[in-house]
Amino acid sequence: MPRIHNGSMLVGAMFVASIGVFSSVANAQTVEALPPAAPQQTQAVDSTATTGALVKAADESTAAFLTRVNATNPDSVSITAAELFKQSPTQAIVKDLVTIASSTDAAAAEVTGKVTSGFPIIAVSTSAVQFSEQLSALILSDSGQLPTVVALAQKVGNKDFSEVVGEGLALAHATAMRNGNTILAAAIQLQTKGPGVPSDLLIAFSENIQGTAAGPAAAAAAPAAASPIGGAGSSPASADSIGGSGTAGTDGGTAQAGGGSAPVGGGGSVGGTTGGGGTSTSTTTNNFIINNFFSTGSTTTPISTSPV
């Protein structure tokens, strides 16, 4: 009995297994191939999030923005400070950067040092001239920034930046003088000669201040143009130009070197001496010719004569 029972169980198990195999084969034959899955769309990510380049908000102060940059990417604070001025080369940005770099707040010391390192980058960039101009405008509008700017140049200790500051101070000095603000001009000059001022700043200031002053001085010192050779004298009666002629009937003209003869009645001489005043007048053509050669004045015979 047990053997039969066992045999029945074995046959039943084989039958169930056969059904399972048959079902698997049938399913494999009837299932159609599915098309390949479409590639998944990758959501675009803002580049600023991956690169760490932050954007300054319109209502965000320069100090707050650079502090935020320092928290995200500390190594980019210096170049970001330089980029801020490049994007907005204004007097306000210059003042912000100077204020941050001159801060003595211990809590902001890290940002202060990195912003200070950004000034040499500006000095060697294409924005250097604009920085000098805006620095000049800052000093002209707020003279209290003058010692701060000079102290900053000393703190930075960079040759290129010192030269840029010196050029800006020279521009401010020239503008102050032109506007009649001699007090500010004198203050600028004294600041450049203070103790500890970088020599490169002083040299740049001196060279540029001479350049700005040379223009008006040279124009004022230019000599007046001489009378043209052979032209008329300062007045018809004087005949002061070289080779000039006087007016007939006057008392006597002055001839310059190599000049022509004096007018009728006057005697000209070689070397431009004053001719004596003649008294005789001419009534005929022949008398005029004679009087023209022989005047009653103390003269020598002239080299050339002028027609009447």
Could you tell me if the side chain of Q145 sits less than 4.5 Å from the side chain of D142, heavy atoms only?
yes
Which heavy atom of P147 sits nearest a heavy atom of S143, and at what distance?
CD-O, 4.0 Å
Keeping Q154 on the side-chain end and A151 on the backbone end, is there a donor-acceptor pair under 3.5 Å?
no
Rounded to the nearest 0.5 Å, what separates atom CD in Q130 from atom CG in L135?
13.5 Å
Heavy-atom pair of closest approach, residues V55 and F65
C-CE1, 3.6 Å
Do you know which two heavy atoms are closest between A153 and L201, and how far apart they sit?
CB-CD1, 3.7 Å
Tell me if the NZ atom of K56 is crowded by more than 12 foreign heavy atoms within 6.0 Å.
yes
Minimum heavy-atom distance between L171 and T175, given as atom pair plus value
O-OG1, 2.8 Å
Candidate pair I93 and T90, rule side-chain contact (heavy atoms from CB on, under 4.5 Å), full reasoning:
CA-CA 5 Å; I93 291 294; T90 61; 3.4 Å; yes
Does the side chain of L54 reach to within under 4.5 Å of the side chain of T80, using non-hydrogen atoms?
no
Check whether any side-chain heavy atom of K95 sits under 4.5 Å from a side-chain heavy atom of Q134, and report yes or no.
no
Audit row: E133, V129, side-chain contact (heavy atoms from CB on, under 4.5 Å) steps and yes/no
CA-CA 6 Å; E133 294 172 348; V129 175; 3.7 Å; yes
Validation row: V197, Q191 side chains within 4.5 angstrom (heavy atoms)
no
Can you tell me how far the OG1 atom of T67 sits from the CD atom of E60, to the nearest 0.5 Å?
9.0 Å
Look only at the side chain of T72 and the backbone of R68, and say whether a donor-acceptor pair between them is shorter than 3.5 Å.
yes
Any idea which heavy atoms bring I188 and L169 closest together, and the distance?
CG2-O, 3.7 Å
Roughly how far, to the nearest 0.5 Å, is the CG atom of L140 from the CG atom of N179?
7.5 Å
Side chains of S141 and Q91: do they bring a donor and an acceptor to under 3.5 Å?
yes
Quick one: does F161's side chain get under 4.5 Å of L152's, heavy atoms only?
yes
Joint cluster assignment, L138 & L184, ILVMFWY side-chain distance < 4.5 Å:
yes
How long is the straight-line distance from CG of D96 back to CG of L66, given to the nearest 0.5 Å?
9.0 Å
Mind listing the closest non-hydrogen atom pair of A101 and K155 along with its distance?
O-NZ, 2.5 Å
Between OG of S206 and NZ of K193, what distance do you get to the nearest 0.5 Å?
7.0 Å
Atom NZ of K159 and atom CD of E163: how far apart are they, to the nearest 0.5 Å?
3.5 Å
Side-chain contact test, heavy atoms from C-beta onward, threshold under 4.5 Å: evaluate it for V98 versus S102 and give yes or no.
yes
Any chance you could lay out the side-chain contact (heavy atoms from CB on, under 4.5 Å) test for F205 and V165, step after step, and finish with the verdict?
CA-CA 8 Å; F205 174 78; V165 172; over 6 Å; no
Show which side-chain atoms of residues 112-123 pair as donor or acceptor with protein atoms under 3.5 Å away, not counting sequence neighbours.
residue : atom : partner : partner atom : Å
T112    : OG1  : I100    : O            : 3.3
T112    : OG1  : A108    : O            : 2.8
K114    : NZ   : N70     : OD1          : 2.8
K114    : NZ   : P74     : O            : 3.3
K114    : NZ   : E110    : OE2          : 2.9
T116    : OG1  : T112    : O            : 2.7
S117    : OG   : G113    : O            : 3.1

Among side-chain atoms of S162 and D200, is any donor-acceptor pair under 3.5 angstrom?
no
Hey, does the side chain of N208 reach the backbone of A204 with a donor-acceptor pair shorter than 3.5 angstrom?
yes
